[in-house]
2 protein chains.
Amino acid sequence: MTRKTPSSERRSHALSREAIVEGAIELLDTEGERGLTFRALAARLCTGAGAIYWYISDKDELMAAAADHVLGLALATVREESDPRAAIRADALALFDAFEAHPWAGTSLSLDPQQSAMVRFLERIGSRLITIGVPPQARFDAWSACVNYILGVAGQNAAQARSHPHEASRNATLQAVADSWKRLDPTTHPFLHETATHLPGHDDRAQYLAGIELILAGVDRTLVPVR
Amino acid sequence: MTRKTPSSERRSHALSREAIVEGAIELLDTEGERGLTFRALAARLCTGAGAIYWYISDKDELMAAAADHVLGLALATVREESDPRAAIRADALALFDAFEAHPWAGTSLSLDPQQSAMVRFLERIGSRLITIGVPPQARFDAWSACVNYILGVAGQNAAQARSHPHEASRNATLQAVADSWKRLDPTTHPFLHETATHLPGHDDRAQYLAGIELILAGVDRTLVPVR
DNA sequence: ACCTGAACACCGTTCAAGT
DNA sequence: ACCTGAACACCGTTCAAGT
């Protein structure tokens, strides 16, 4: 329950921004988004609720820092790839996995330069488009599409996780959605009626990657043909 | 301030789910996401806070219903297009505008079949891909990419609007982001250093549409060549 | 059936007071 | 400089009581 062992891991009162952010992440992961409160976090850090405000100005800032931390860890796991397209895929998948493990992170990311991992991510995607050879005029849009897609899906996952917290209930929900689509009139809703069959068992991650592939295919069209 | 005129618009106590949702939307639009509280909404509807629970089970459900309502209005504004690609573009832009006008809506949308406008939107995109002639195997992924991109950007906009509520401060923030990117080492951050120049004045809406275009270009690659 | 509004169990945030 | 924890100004939600 409570931490009493002095042990070797520093004295109990080494309060720091990093310790706060890491405590917040653990709380978010174990108790969910509603589980992160200043009171609960203070209790976990063996301090008063107000102490946190010495290091962090806001709950929004705390969430943003936690999300950026998670993003940084995800980026660190990605192996270097020589092929820029493979590198973009690898980054995208790493973020997908990270946001699946920490769904609360999906909504707290922005262009904010304070989020240093975010800056690194944005640069990585952009520099890979340079390597691919996307011409300057097309580059900004291609980058925006990649980044928006990757972060956007993360946000969608977050919204979904918020409404269906448990994994088991997520599958059940998907099945319920499919059932309701099957009940739609095939004349007015031909697509959903048909897609209902594929929805329940489908591989989210593979489908996400297929989206990346479509964008990359579109980007290839903007390349000046080399010959 | 308060509504007293009996006028012709029904007696003051015609409380209904629709009136609640519309009141919520007005509150969200005028006061922001934090402005929607059961107390404030009840006051606006001249009733008690608990009365709302007769029609709506939850704040989440209220947000979802408000977002779906806004989505429905947006879809209704779109002119019929005969070209399926133009139709997808038109839908995408309508949603972009709607989510810019109501940024709080971006995070409350899901596959939930209760959200009837959402169902209509999902079907529209899918049926247009059928018209384009995307083969069944590729169709599900193409649909997912389009829908994820459109809703994902909406969610990103919502996150951004949450942190930078006012329009003026949004431009200032973009400028500040660009400045910080310009200060990055061009050796380690070649892309962001260069992109900083284009960031402040850029057209969000056009760039969003360019992303749709990239996905559509990728989708075209999956078409079986007709000859 | 539908509405009221006080009451409950929380929040984020502040700030005087301590060390 | 850094920490404490009570106090303030809120929340969403419930529920006995009313009509």
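Heavy-atom basis, side chains included; hydrogens, waters and symmetry copies ignored. Below, chains carry the letters A, B, ... as their sequence lines are ordered, and counting in each starts from 1.
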Phosphate-side-chain proximity, B:Trp54 and C:dC3, N/O vs OP1/OP2 below 4.0 Å: no
Phosphate contact (C:dC3 OP1 or OP2) by B:Tyr55 side-chain N/O below 4.0 Å: yes
Partner set under ring-ring contact (aromatic ring centres under 6.0 Å, His included) for A:His198, not counting sequence neighbours: none
Sugar-phosphate only, base, or nothing, as touched by A:Ile56 at under 4.0 Å among non-hydrogen atoms: nothing
Sugar-phosphate only, base, or nothing, as touched by A:Ile52 at under 4.0 Å among non-hydrogen atoms: nothing
Anything under 3.5 Å between a donor and an acceptor, one on a side chain of residues 34-41 of chain B, the other on a protein residue two or more places apart or in another chain? List them.
| unit_1 | atom_1 | unit_2 | atom_2 | d |
| --- | --- | --- | --- | --- |
| B:Thr37 | OG1 | B:Ala40 | N | 2.9 |

Using whole Å, report how far [atom1] of [X] lies from [atom2] of [N].
{"X": "A:Glu33", "N": "C:dC11", "atom1": "CD", "atom2": "C1'", "result": "15 Å"}
{"X": "A:Asp60", "N": "C:dG12", "atom1": "CG", "atom2": "P", "result": "11 Å"}
{"X": "B:Leu41", "N": "D:dT13", "atom1": "CG", "atom2": "P", "result": "13 Å"}
{"X": "A:Arg17", "N": "D:dC3", "atom1": "CZ", "atom2": "C1'", "result": "18 Å"}
{"X": "B:Phe38", "N": "D:dG12", "atom1": "CZ", "atom2": "P", "result": "6 Å"}
{"X": "B:Asp58", "N": "D:dT13", "atom1": "CG", "atom2": "C1'", "result": "9 Å"}
{"X": "B:Ile20", "N": "C:dC2", "atom1": "CD1", "atom2": "P", "result": "12 Å"}

Identified stems (criterion: three or more consecutive Watson-Crick or G-U pairs, under 3.5 Å), DNA chain C: C:4-8 with D:12-16, C:12-16 with D:4-8
Salt bridge present between A:Glu26 and A:Arg44 (N-O < 4.0 angstrom): yes
B:Glu61/B:Arg17 salt bridge by N-O under 4.0 Å criterion: yes
Listed once per pair and sorted, the ring-ring contact (aromatic ring centres under 6.0 Å, His included) pairs that draw on residues 93-113 of chain B, sequence neighbours left out: B:Phe96-B:Tyr208, B:His102-B:Trp104
Interface polar pairs with nucleotides 5-9 of chain D, N/O, under 3.5 angstrom:
| unit_1 | atom_1 | unit_2 | atom_2 | d |
| --- | --- | --- | --- | --- |
| D:dG5 | O6 | A:Gly50 | N | 3.4 |

Of all pairs that satisfy side chain to side chain donor-acceptor pair (under 3.5 Å), the ones with a partner from residues 69-78 of chain B, not counting sequence neighbours: none
Per [X] side chain, nearest of listed nucleotides [options]:
{"X": "A:Thr37", "options": "C:dC11, C:dT13, D:dC3", "result": "C:dC11"}
{"X": "A:Tyr53", "options": "C:dT14, C:dC3, D:dG12", "result": "C:dT14"}
{"X": "A:Lys59", "options": "C:dC3, D:dT13, C:dT13", "result": "C:dT13"}

Side chain to side chain contact (heavy atoms under 4.5 Å, CB included) involving B:Thr188 - partner list, sequence neighbours excluded: B:Asp185
Partners meeting side chain to side chain contact (heavy atoms under 4.5 Å, CB included) with A:Arg139 (sequence neighbours left out): A:Leu129, A:Ile130, A:Val134, A:Pro136, B:Phe191, B:Glu194
Salt bridge (charged side-chain N to carboxylate O under 4.0 Å, His left out) against B:Asp112, all qualifying residues, sequence neighbours excluded: none
